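For reference, the structure is listed below as structure tokens.
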There are 2 protein chains.
Amino acid sequence: MTDHAAIEHAAFRLFDQQGFDHTTMDDIARAVGVGKRTLFRYFPSKNDIPWGQFGASLDLFRKQFAAVPPETPLAEAVHACVVAFNTFDDTVVEQHRVRMRLILTTPTLQAHSAIKYEAWRRVIAEYVAHRLSIGADERLPRLIGHVSLAISVAAYEQWLIDPGSSLTHLLDQEMAGLKAYLASR
Amino acid sequence: MTDHAAIEHAAFRLFDQQGFDHTTMDDIARAVGVGKRTLFRYFPSKNDIPWGQFGASLDLFRKQFAAVPPETPLAEAVHACVVAFNTFDDTVVEQHRVRMRLILTTPTLQAHSAIKYEAWRRVIAEYVAHRLSIGADERLPRLIGHVSLAISVAAYEQWLIDPGSSLTHLLDQEMAGLKAYLASR
DNA sequence: TACCTTAATGGCACTCAGCGCCATAAAGGA
DNA sequence: TCCTTTATGGCGCTGAGTGCCATTAAGGTA
């Protein structure tokens with residue numbers, strides 16, 4: 001009766017109690033009541049556990065883009081989808097904050113994030129490429145993926161600092177801050 | 001008579017021959033003619049070997065910023081220093097390309113890059129913070145660090161694709177591409 | 001009911017990064 | 001010559017991650 005949610009739950013409890021680095025896969029396996037070998041069948045690595053079902057949320061991300069009217073200005077479309085991607089129900093927003101705090105404050109996980117971010121950037125690059133009728137490996141699609149990520153991570157960092165802040169509002173603010181910065185003389 | 005350069009040289013040869021993941025620290029130690037334990041005294045981890053003396057180059061990066069006239073527009077100053085940081089002599093540019101290709105195409109190293117990038121972003125954040133008379137942990141300094149990194153990585157990716165391209169020219173192009181993207185309606 | 005197939009499980013042994021500890025050798029200074 | 005510092009590297013350990021294989025549960029068929 002093992003499933004991802006049960007593993008995640010037990011793991012997050014241990015990460016909170018002992019810290020990520022001081023929690024072994026054997027610890028988690030024991031807490032879930034399962035063999036270590038089984039854990040590695042549900043999550044390809046220890047670093048993937050905090051990310052939960054990130055791959056599934058990328059599918060939703062793609063659907064957001066698919067639903068954008070084609071006449072929407074490109075930058076506006078991308079920003080709106082990034083905001084939508086980071087919009088969470090009140091019932092899960094605190095759990096999301098715990099998850100992201102763990103990921104963004106644990107060096108091991110910050111490093112692993114690069115792999116996850118790459119897939120996220122790819123979704124954006126593919127949309128931009130589609131809109132411009134070019135390949136997703138072209139210069140501009142990749143650039144927009146990188147810059148959108150930069151804005152998002154900056155917003156997340158601020159979100160973790162200000163407990164009362166709104167993530168979507170912060171995304172707007174970071175975007176506005178970037179525009180002002182580039183326009184400044 | 002062991003030094004960083006000798007280790008790097010032997011390691012790069014092996015990485016080229018066998019791939020990064022299939023080269024063990026024991027392999028490198030044997031090639032250098034030194035104990036594995038000694039390798040870990042020169043480089044804190046296997047992942048740090050491809051980065052060479054990155055920390056030292058960050059000191060130069062800081063000096064670039066210190067030499068900028070205070071009346072230079074902020075965005076212009078940052079971009080100029082990023083370009084300067086990525087300006088290499090013709091005699092070392094090909095070695096730099098090998099290094100960056102390894103880092104940017106090996107998943108293990110892409111992940112580790114996050115740690116290195118953080119220190120690089122910090123240099124930018126500190127300069128922006130200084131110019132604005134605020135803290136380096138404030139929103140805008142961190143944002144500019146992230147966005148500058150996004151532009152740089154995008155330029156590097158393109159640089160690896162186009163063998164004849166100029167890295168500094170690509171940095172200008174990515175910056176121009178971003179401005180055009182954000183200004184588009 | 002007996003039989004067969006398939007998927008999930010988990011134990012075992014192995015590789016490799018990385019660290020703590022300690023012994024040794026070389027170098028340099030008084 | 002003695003003492004101290006520094007570089008070295010061996011040894012053994014922890015922990016992530018993998019391949020292999022045996023066991024068990026589940027589901028379908030004759």
Side-chain angles (χ1 to χ4, degrees), chain A residues 1-55 102-103 105-116 118, chain B residues 1-55 102-103 105-116 118:
Chain A
M1 211 49 54
T2 314
D3 70 335
H4 288 88
I7 294 171
E8 245 184 88
H9 190 261
F12 267 91
R13 179 186 302 273
L14 288 171
F15 294 157
D16 183 54
Q17 289 170 357
Q18 320 176 339
F20 182 81
D21 286 328
H22 292 95
T23 302
T24 70
M25 286 298 263
D26 277 309
D27 289 339
I28 301 168
R30 209 172 307 116
V32 181
V34 86
K36 184 184 78 162
R37 199 66 188 76
T38 300
L39 239 52
F40 279 104
R41 287 205 179 84
Y42 282 86
F43 293 93
S45 79
K46 180 183 168 186
N47 291 333
D48 283 296
I49 297 178
W51 288 87
Q53 304 296 305
F54 183 68
L102 181 65
I103 290 172
T105 62
T106 308
T108 312
L109 293 175
Q110 281 181 48
H112 183 70
S113 299
I115 311 297
K116 299 291 184 178
E118 187 179 16
Chain B
M1 212 49 52
T2 314
D3 69 336
H4 288 87
I7 294 171
E8 245 184 88
H9 191 261
F12 268 91
R13 179 185 303 272
L14 288 171
F15 294 157
D16 182 55
Q17 289 170 357
Q18 322 175 336
F20 182 81
D21 287 327
H22 292 95
T23 302
T24 70
M25 285 299 263
D26 278 309
D27 288 340
I28 300 168
R30 210 173 306 117
V32 182
V34 87
K36 183 183 81 163
R37 199 65 189 75
T38 300
L39 240 51
F40 280 104
R41 288 207 178 84
Y42 283 85
F43 293 93
S45 78
K46 179 183 168 185
N47 291 333
D48 283 296
I49 297 179
W51 287 88
Q53 303 296 303
F54 183 70
L102 181 64
I103 290 172
T105 62
T106 308
T108 312
L109 292 175
Q110 281 182 49
H112 183 69
S113 299
I115 311 297
K116 299 292 184 177
E118 188 179 16

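Please read all numbers here as calculations on a predicted model, not as lab measurements. Each chain gets a letter, A, B and so on, in the order the sequences are listed, and its residues count up from 1.
We find the OG1-CG distance between A/T108 and A/L102 to be 10.0 Å, quoted to the nearest 0.5 Å. In this structure, the separation between CZ on B/F43 and CG on B/D48 is 8.0 Å, given to the nearest 0.5 Å.
Between C/dA8 and A/Y42, no contact under 4.0 Å exists linking OP1 or OP2 to a side-chain N or O.
Following rounding to the nearest Å, B/K36 (NZ) and D/dC11 (P) show an atom-to-atom distance of 12 Å. Between the CZ atom of B/F40 and the C1' atom of D/dT14 there is a distance of 14 Å, given to the nearest Å. Spacing between atom CG of B/L39 and atom P of C/dA17 amounts to 10 Å, rounded to whole angstrom units. The interatomic distance linking B/R37 (CZ) with C/dC19 (P) rounds to 8 Å, in whole Å. Atom CG in A/D3 sits roughly 15 Å away from atom C1' in C/dT9 (whole-Å rounding).
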Distances under 3.5 Å between protein N/O atoms and the N/O atoms of nucleotides 21-25 of chain D, please, pair by pair.
none

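Shortest non-hydrogen contact noted between A/P50 and A/L109 is CG-CD1, 3.8 Å. When all heavy atoms are compared, the tightest approach of A/A29 to A/L39 is N-CD2, 3.7 Å. Contact detail for B/A6 and B/V32: the closest heavy-atom pair is O-CG2, 4.4 Å. Scanning all heavy atoms of the two residues, the minimum distance from A/I103 to A/S113 falls at CG2-OG, 3.4 Å.
Applying the side-chain hydrogen bond (donor to acceptor under 3.5 Å, both in side chains) definition to pairs two or more places apart or across chains, those involving residues 7-17 of chain A are A/E8-A/R99.
For DNA chain D, none of the residues of residues 11-29 of chain B falls under the heavy-atom distance limit of 4.0 Å. Residues from residues 44-51 of chain A with heavy atoms under 4.0 angstrom of DNA chain C: there are none.
Just one residue in the list B/F54, B/W51, B/Y42 forms a ring-ring contact (aromatic ring centres under 6.0 Å, His included) with B/H4, and that residue is B/Y42.
Residues satisfying the salt bridge (charged side-chain N to carboxylate O under 4.0 Å, His left out) criterion with A/K36, sequence neighbours excluded, are absent altogether. The side chain to side chain contact (heavy atoms under 4.5 Å, CB included) check on B/T23 picks up B/L14, B/F15, B/Q18, B/D27, B/I28, with sequence neighbours excluded.
The shortest distance between side-chain heavy atoms of B/T106 and B/H112 does not fall below 4.5 Å.
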